[in-house]
There are 2 protein chains.
Amino acid sequence: MADDRLSQVFSALADPTRRDIVARLAAGDATVNELAEPYDVTVQAVSKHIRVLEDAGLVSRRRDAQRRPCHLEAEVFDLMTKWIERYRREAEDRFRRLDALLDQMDEQPVTGTPTEEAAS
Amino acid sequence: MADDRLSQVFSALADPTRRDIVARLAAGDATVNELAEPYDVTVQAVSKHIRVLEDAGLVSRRRDAQRRPCHLEAEVFDLMTKWIERYRREAEDRFRRLDALLDQMDEQPVTGTPTEEAAS
DNA sequence: AGGCTATTTAACCAATCGGTTGAATATGCG
DNA sequence: CGCATATTCAACCGATTGGTTAAATAGCCT
């Protein structure tokens, strides 16, 4: 994986277990053990998943005695949505222009040369 | 990588070269060779990248003689934005409720027991 | 048919990933 | 202190990834 922030975030969310962890953290903070409970992998594996989310900036952690509760940092989502929305909009605009062109051709079929069109 | 659609899409966009390809396709369709030109990897490597984007449903392809022009399928972005927005909203709502609670405590500091509060 | 261009397939390689087990570290509690 | 709990670190393993080179396939053009 490339080490830029956007790549890290997309990559972190490319794993279903990590997405599920994020989903659960959206409802409230939780410790590693709490998060690990529903999955049938070891707590060490979950600890690694959390590390990935933390490195991506999606999760931050407090200290509470021997516990390390996780907190979702939802602002990072903005990075993704901005990227996504930008290119979605570009593609949709292009699509709309094509639609408009087709409508225009429907009303006024192109039968001659561009020169003829310019003369009208 | 898990084989569910959302994982595929996130995973496909976790690579900067593939994100750049998507960005360029947002401006208009292009062939494999055209897409490969600016990068200093082989055209075969780019062909593989396009395959990944295609499998994720982000790109579709026409046939034009020996060329295979790529077209961006922006609808798939919806899958991601829906997922992201859902949990972002949940986390922000939680944050807002916490804010409201803090404001309330500011106006009316908690000095007694819950029983006292109920009696007032 | 034969050659040129565009693209994919195959086989390989080093690095990374997601998982494991086992040991280490950190902190609260009696 | 000594023990239990929570979490991480280290070493390892098989599968996947992103790249390579070399060969195969597909479809123009003369």
Side-chain angles (χ1 to χ4, degrees), chain A residues 1-25 28-72, chain B residues 1-25 28-72:
Chain A
M1 196 242 318
D3 59 352
D4 68 280
R5 200 20 98 75
L6 205 43
S7 296
Q8 279 184 289
V9 177
F10 276 122
S11 173
L13 294 178
D15 182 280
T17 303
R18 282 193 298 258
R19 274 201 310 281
D20 195 61
I21 290 174
V22 166
R24 290 168 59 210
L25 287 175
D29 296 3
T31 68
V32 178
N33 267 304
E34 284 164 1
L35 288 171
E37 199 275 319
Y39 313 119
D40 64 351
V41 297
T42 61
V43 66
Q44 289 98 316
V46 174
S47 180
K48 280 192 185 182
H49 279 310
I50 291 169
R51 185 85 205 290
V52 172
L53 292 170
E54 196 179 7
D55 288 347
L58 281 159
V59 157
S60 65
R61 335 192 45 179
R62 297 196 324 274
R63 176 163 276 299
D64 168 27
Q66 63 259 233
R67 266 145 261 127
R68 306 288 316 278
C70 301
H71 174 79
L72 184 62
Chain B
M1 195 242 319
D3 58 352
D4 68 280
R5 200 20 98 77
L6 204 43
S7 296
Q8 278 185 289
V9 177
F10 277 122
S11 173
L13 294 178
D15 183 280
T17 304
R18 282 192 299 256
R19 275 201 309 282
D20 195 62
I21 290 175
V22 167
R24 290 168 59 209
L25 287 175
D29 297 3
T31 68
V32 178
N33 267 304
E34 284 164 359
L35 288 171
E37 200 273 321
Y39 312 120
D40 64 350
V41 297
T42 62
V43 67
Q44 289 98 316
V46 174
S47 180
K48 280 192 184 181
H49 279 309
I50 292 169
R51 186 85 206 291
V52 172
L53 292 170
E54 196 178 8
D55 287 347
L58 280 159
V59 155
S60 65
R61 335 194 44 179
R62 299 196 324 274
R63 177 162 275 297
D64 169 26
Q66 62 259 234
R67 265 144 263 128
R68 306 288 315 278
C70 301
H71 174 80
L72 184 62

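Just so we're on the same page: letters track the sequence lines, and every chain starts at 1.
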Interatomic distance, A:Y39 OH vs C:dT20 P [rounded to whole Å]
14 Å
Give the rounded distance in Å between these two atoms: CZ of A:R63 and P of D:dT7.
9 Å
A:M1 has an atom CE; how far is it from atom C1' of D:dG18, in whole Å?
14 Å
Between B:R24 (side chain only) and B:L35 (backbone N and O only), is there a donor and an acceptor less than 3.5 Å apart?
yes
Phosphate contact (C:dC17 OP1 or OP2) by A:R18 side-chain N/O below 4.0 Å
no
Before you tell me yes or no, could you show the steps for B:V41 and B:T17 under side-chain contact (heavy atoms from CB on, under 4.5 Å), namely the whole-Å CA-CA distance, both residues' side-chain angles and the distance that decides it to 0.1 Å?
CA-CA 10 Å; B:V41 297; B:T17 304; 5.7 Å; no
Exceeds 12 heavy-atom contacts within 6.0 angstrom, atom CG of B:D3:
no
Distance, rounded to the nearest Å, where A:L13 contributes CG and C:dG18 contributes P:
12 Å
Output yes when at least one side-chain N/O atom of B:R68 is less than 4.0 Å from OP1 or OP2 of D:dG27, else no.
no
For the pair made of CZ in B:R62 and P in D:dG27, what is the distance, rounded to whole Å?
15 Å
Pairwise side-chain contact, B:D4 with A:R19, heavy-atom cut-off 4.5 Å (strictly under)
yes
Rounded to the Å, how far apart are B:R67 CZ and D:dG27 P?
12 Å
Touch class at under 4.0 angstrom, heavy-atom based, for B:T17 against every strand present:
nothing
Pairs where residues 49-61 of chain B contributes a residue and the test salt bridge (Lys or Arg N to Asp or Glu O under 4.0 Å) is met, not counting sequence neighbours
B:R51-B:D55, B:E54-B:R61
Residues touching DNA chain D, which here means a heavy atom under 4.0 Å, drawn from residues 44-56 of chain B:
B:Q44, B:A45, B:K48, B:H49
Please report, rounded to the nearest Å, how far the C1' atom of C:dT5 is from the CG atom of B:N33.
8 Å
I need the CZ-C1' distance between B:R61 and D:dA26, as an integer number of Å.
13 Å
Would you say C:dA6 has OP1 or OP2 under 4.0 Å from some side-chain N or O of B:T31?
no
